[in-house]
Amino acid sequence: NEFVGVFSHLPISFKYKLINILDDFKQNFLISKWLILSAFFSWFSGNFWTLNAGLILGPVVLGAIRCCQSVVMVVNLFFQVLENVIPKETSKIYKEKGKKEMLRYLLNFNKIFFLFIFLFITFIIIFSKQILGLLYGADLIQYSYIVIYFAITIPIIALRYLPEYGLRTMGNTVPTFIAYLVTGSISIIFSKIIIETYQLQGFIFGMYLSPILIAGITGLGFLKIYK
């Protein structure tokens with residue numbers, strides 16, 4: 001049934017159908033339920049490596065890792081801005097012009113995106129020692145190589161954004177869930193063994209393994225659904 005609500009003190013009226021709201025809710029839930037599960041497993045895909053690194057390598061190394069992460073992961077502020085802009089524009093193009101134009105838009109966006117990332121990580125790599133010394137003191141300069149390792153992971157992490165935006169726009173986020181399920185499971189099962197065996201190098205290996213698998217699985221999923 002159609003419902004009309006009118007605020008007597010405002011020249012505004014609202015008109016909608018309850019069945020349309022229920023349909024929209026159902027459609028959004030079918031998409032977002034996989035994103036909720038993805039968010040749960042994404043915590044394990046990265047943080048579990050850090051947790052085991054602290055338990056195995058000790059608080060000093062963990063502190064150095066966290067400091068190095070905070071230097072590099074300031075780029076997350078940029079990623080968050082994109083999360084509020086790109087998905088909306090991608091959906092609009094997909095609805096109005098179809099999936100080919102959507103893909104063209106995402107590819108053009110990626111060119112600018114990766115140019116920014118290249119400039120960012122180049123700056124971080126060149127001035128890693130100076131940044132650590134300025135922010136955390138001279139004692140942390142010896143860990144500047146960890147900053148470089150983290151900086152190189154940024155373009156790998158960024159590879160997942162194109163397929164993830166595309167998957168969300170096309171209403172199929174199952175590949176995203178599978179990617180985080182796989183990486184989260186690997187982290188839970190193998191991170192302790194790998195770090196105990198290879199120490200800090202094992203932790204760094206995990207920091208590369210997770211984004212590579214996420215980008216690969218979501219990329220393959222996007223290509224399959226797009227075709």
Side-chain angles (χ1 to χ4, degrees), residues 24-57 62 65-66 69 72-73 75-76 78-80 82-84 86-88 90-91 94 99 102-103 106 109-110 113-114 117 149-150 152-198 200-227:
D24 289 341
F25 176 82
K26 181 180 179 180
Q27 183 178 0
N28 288 328
F29 176 75
L30 290 174
I31 299 172
S32 63
K33 69 177 180 179
W34 297 110
L35 294 177
I36 294 171
L37 294 170
S38 299
F40 173 78
F41 283 103
S42 70
W43 188 92
F44 291 97
S45 67
N47 289 327
F48 215 73
W49 289 94
T50 305
L51 177 63
N52 278 322
L55 293 173
I56 297 167
L57 304 178
L62 176 62
I65 288 172
R66 297 301 292 175
Q69 277 183 319
V72 175
M73 292 307 168
V75 75
N76 280 339
F78 177 65
F79 290 162
Q80 288 300 316
L82 295 180
E83 285 284 344
N84 294 324
I86 303 302
K88 179 181 178 180
T90 305
S91 298
Y94 177 70
K99 65 180 183 180
M102 176 199 72
L103 181 60
L106 289 173
F109 154 72
N110 256 29
F113 186 35
F114 276 91
I117 290 172
Y149 281 129
F150 276 126
I152 297 173
T153 66
I154 296 300
I156 302 173
I157 293 171
L159 286 173
R160 69 180 173 86
Y161 282 95
L162 185 152
E164 283 192 6
Y165 291 153
L167 288 168
R168 272 189 267 174
T169 300
M170 293 186 291
N172 192 326
T173 54
V174 176
T176 303
F177 164 69
I178 293 174
Y180 285 109
L181 174 63
V182 170
T183 54
S185 300
I186 290 174
S187 176
I188 294 170
I189 297 170
F190 296 109
S191 62
K192 184 174 184 293
I193 298 171
I194 292 174
I195 294 174
E196 283 179 340
T197 304
Y198 299 102
L200 184 58
Q201 288 73 21
F203 167 76
I204 293 171
F205 168 79
M207 291 296 96
Y208 279 87
L209 178 64
S210 291
I212 288 173
L213 289 175
I214 291 169
I217 294 171
T218 54
L220 290 173
F222 172 75
L223 290 175
K224 181 178 179 181
I225 294 168
Y226 179 83
K227 292 178 179 179

Inset, instruction - Output the distance between atom CD1 (Ile152) and atom CE (Met207), rounded to the nearest 0.5 Å. - result: 14.5 Å
Legend entry - Within the 6.0 Å centroid threshold, strictly below: Tyr165 and Phe222: no
Inset, instruction - Please indicate whether Tyr198 has more than 12 foreign heavy atoms, meaning atoms of other residues, nucleotides or ligands, lying under 6.0 Å from its OH. - result: no
Legend entry - Euclidean distance, Ile225 CD1 relative to Leu220 CG, rounded to 0.5 Å: 11.0 Å
Inset, instruction - For residues Pro175 and Ile217, report the shortest heavy-atom separation together with the two atoms involved. - result: O-CG2, 3.8 Å
Legend entry - Contact summary for Ile195 and Ala53, nearest pair of heavy atoms: CD1-N, 3.7 Å
Inset, instruction - Carefully, step by step, assess Thr197 and Ile193 under the rule side chain to side chain contact (heavy atoms under 4.5 Å, CB included). - result: CA-CA 6 Å; Thr197 304; Ile193 298 171; 4.2 Å; yes
Per-pair distances, 0.1 Å, donor-acceptor, side chain in residues 179-187, under 3.5 Å, sequence neighbours excluded:
unit_1, atom_1, unit_2, atom_2, d
Tyr180, OH, Arg160, NH1, 3.3
Tyr180, OH, Glu164, OE2, 3.4
Thr183, OG1, Ala179, O, 3.0
Thr183, OG1, Tyr180, O, 3.3
Ser185, OG, Leu181, O, 2.7
Ser187, OG, Phe44, O, 2.8

Legend entry - Tyr226 OH: over 12 foreign heavy atoms closer than 6.0 Å: yes
Legend entry - Neighbour count >12 (heavy atoms, 6.0 Å) for atom NZ, Lys192: no
Inset, instruction - I would like to know whether Trp49 and Ile194 meet side chain to side chain contact (heavy atoms under 4.5 Å, CB included); could you show each step before the answer? - result: CA-CA 10 Å; Trp49 289 94; Ile194 292 174; 3.7 Å; yes
Inset, instruction - For Phe109 and Leu162, run side chain to side chain contact (heavy atoms under 4.5 Å, CB included): C-alpha distance rounded to whole Å, both residues' side-chain angles, the deciding distance at 0.1 Å, then the answer. - result: CA-CA 9 Å; Phe109 154 72; Leu162 185 152; 6.0 Å; no
Inset, instruction - Take the angle between the ring planes of Phe79 and Tyr161 and call it parallel below 30°, perpendicular above 60°, tilted in between. - result: tilted
Legend entry - Residue pair Phe113 / Ile86, side-chain heavy-atom distance below 4.5 Å: no
Inset, instruction - Check whether any side-chain heavy atom of Arg66 lies under 4.5 Å from a side-chain heavy atom of Thr50, and answer yes or no. - result: yes
Inset, instruction - Mind checking the CG-OG1 spacing from Leu223 to Thr218? Nearest 0.5 Å is all I need. - result: 9.5 Å
Legend entry - Phe190 and Asn52, any side-chain heavy atoms less than 4.5 Å apart: no
Inset, instruction - Could you tell me the separation between the CD1 atom of Ile214 and the OG1 atom of Thr176, rounded to the nearest 0.5 Å? - result: 9.5 Å
Inset, instruction - Go through Ile204 and Phe150 one step at a time and tell me if the side chain to side chain contact (heavy atoms under 4.5 Å, CB included) criterion holds. - result: CA-CA 8 Å; Ile204 293 171; Phe150 276 126; over 6 Å; no
Legend entry - Tyr149 atom OH, over 12 foreign heavy atoms within 6.0 Å: no
Inset, instruction - Taking all heavy atoms of Pro211 and all of Gly206, pick out the closest pair and write down the distance. - result: CD-O, 4.5 Å
